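The structure presented is a predicted model; accordingly, all values stated were derived computationally and were not measured. A, B, ... follow the sequence lines: proteins, then strands. Residue 1 opens every chain.
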Amino acid sequence: MPSMKAPKGTRDILPPETSAWQRVEKAFSSVAARFGYAEIRLPTFEHTELFQRGVGDTTDIVQKEMYTFLDKGGRSLSLRPEGTAGVVRAYVENGMPSLPTPVKLFYLITAFRYENVQKGRYREFHQFGAEAFGAAGPAIDAEMIGLLSVFFEEMGLKRTGLRINSIGCPVCRASYNDLLRDSLRPHLAEICGLCNDRFERNPLRILDCKEPKCRPFIEGAPAQLDHLCPDCAAHFEGMKGELDRLGIAYAVDRGIVRGLDYYTRTVFEFVSENVGTQGTICGGGRYDGLVEACGGPATPGIGFALGVERLLMELAAQGVVNPPLEPPTLFVAAVDDTSGQEARRICHQLRRAGVPAEADWNGRSLKAQMKAANRLGARYAVVIGSDETTTGRAKLKNMKDGTERDVALDRLAEEIR
RNA sequence: GUGGAAUUAGUUCAGUGGUUAGAGCGCCAGAUUGUGGAUCUGGAUGUCGCGGGUUCAAAUCCCGUAUUCCACCCCA
């Protein structure tokens, strides 16, 4: 047992699992590009202050889950706990507000949160995300959800539930918060301690509480959705209409709040029953005040983050099979050391010609080489000996049915196509 | 941060105080001389998570600790 182990909450992703990762990464990039999103790559760590402002000082993520450290120059830096803040920073820093709108970006990142580990939750985890800046209307909200819907469809995912909600803008939220407090105030003694804290700080969060004793009051409480200002209400209706026209099914869930401070109006998530209590595969929403809060011009924005580990879990749970790694097409076996040299030369030339080929690298017996070819799933094998080296011809064996046919060695690449 | 369960070969697991700790799978080699898949035979590999303690004797009992899984909280 090795004494060096991967740190808590991290894990190694090994073959053949990596092929499943490559598959989803490729599919996501492809769908995102088709929707007009361009890839952005960003630093893994940022100034701590960015997350304090961008994610929100009051969030659990910033208060207790960040990997924060001082570098040798005394700067406070943090490993990113999510992707949006960094994208917003880069958007402002690189003058992207002057680009034609909407500016649409996507990314594949790792993120870090210091939390206790459980199913579908790691300290280092992977997200696919996208952000769209500069479009204020509901059409872009639906476009983004459409992107996810197409991605899930192409991954072969069924039964992934989309839930949507609106949490309003700063204007209607202020009056709603008063309404919410009024409704809960008589019951403060009965709801949990945490919710008492939330009552002053951010009463919206109370709606997300799972405490049984809080549930009755939550269900009786007014929902933001029913108290939107006219603009926010129109936005929500507009988005629903867009989704209807795109043929995307959704459920309105008044309980969706999202954990990050920056959200306004639209919030949504894709949920599953197969990821443990962490049912959320993907969460996102609109953040119309964030760019300005990060020092840029007032710019509407919307984005989402998709948990790759959770997506993969969901794919496995729904029985979506992962196509196997491309097997070596041709195994070049050799009967002795001398022909082994020739076999390796042929193998190299096949690879140059674009043919996946394997050979023996351990000086093993012919029998062992054939065994290896079989295990690798090679479709064909040739055996190289002194006869073959002299005549330049060999028997090409089909590993599936065991049949052989005589071929010229210098035409191997063409023969197996 | 809180609670529960677990940790023995590469892997899945058996072994609950008594010699040199086992099995399946996998790996390596062989079953007459240049051919895989089946079968058979043989082989290698363990600081029994780590550190203390109890005992004549600990994988086994006790304490601590780390990690994993599950749950709370929160989120991807």
Next item on the list: Take A:E143 and A:Y37, measure what side chain to side chain donor-acceptor pair (under 3.5 Å) needs, and give me the verdict at the end.
Entry: CA-CA 11 Å; A:E143 187 226 24; A:Y37 289 73; 2.7 Å; yes

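Among the atoms of the strands shown, none is found under 4.0 Å from any heavy atom of A:G129. Contact annotation for A:E388: base contact, defined as any heavy-atom pair under 4.0 Å involving a base atom. Using a 4.0 Å heavy-atom distance criterion, A:Y122 is classed as a base contact. Within the nucleic acid shown, A:G9 comes within 4.0 Å of sugar-phosphate atoms alone, with no base atom in reach, counting heavy atoms only. Across all strands shown, A:A305 has heavy atoms under 4.0 Å from sugar-phosphate atoms exclusively, and none from any base.
Between the side chain of A:K397 and the base of B:G36 there is at least one donor-acceptor pair of N/O atoms closer than 3.5 Å. No N or O donor and acceptor, one from the side chain of A:R121 and one from the base of B:C70, sit under 3.5 Å apart. The base of B:C73 has none of its N or O atoms less than 3.5 Å from a complementary donor or acceptor on the side chain of A:E65.
For the pair A:R123 and A:Y114, the cation-pi criterion (under 6.0 Å, within 45° of the ring axis) is fulfilled.
For A:K8 and B:G1, the NZ to P distance is 8 Å, given to the nearest whole Å. Taking atom NZ of A:K119 as the reference point, atom C1' of B:A76 lies 15 Å away to the nearest angstrom. Taking atom CG of A:L366 as the reference point, atom P of B:G34 lies 8 Å away to the nearest angstrom.
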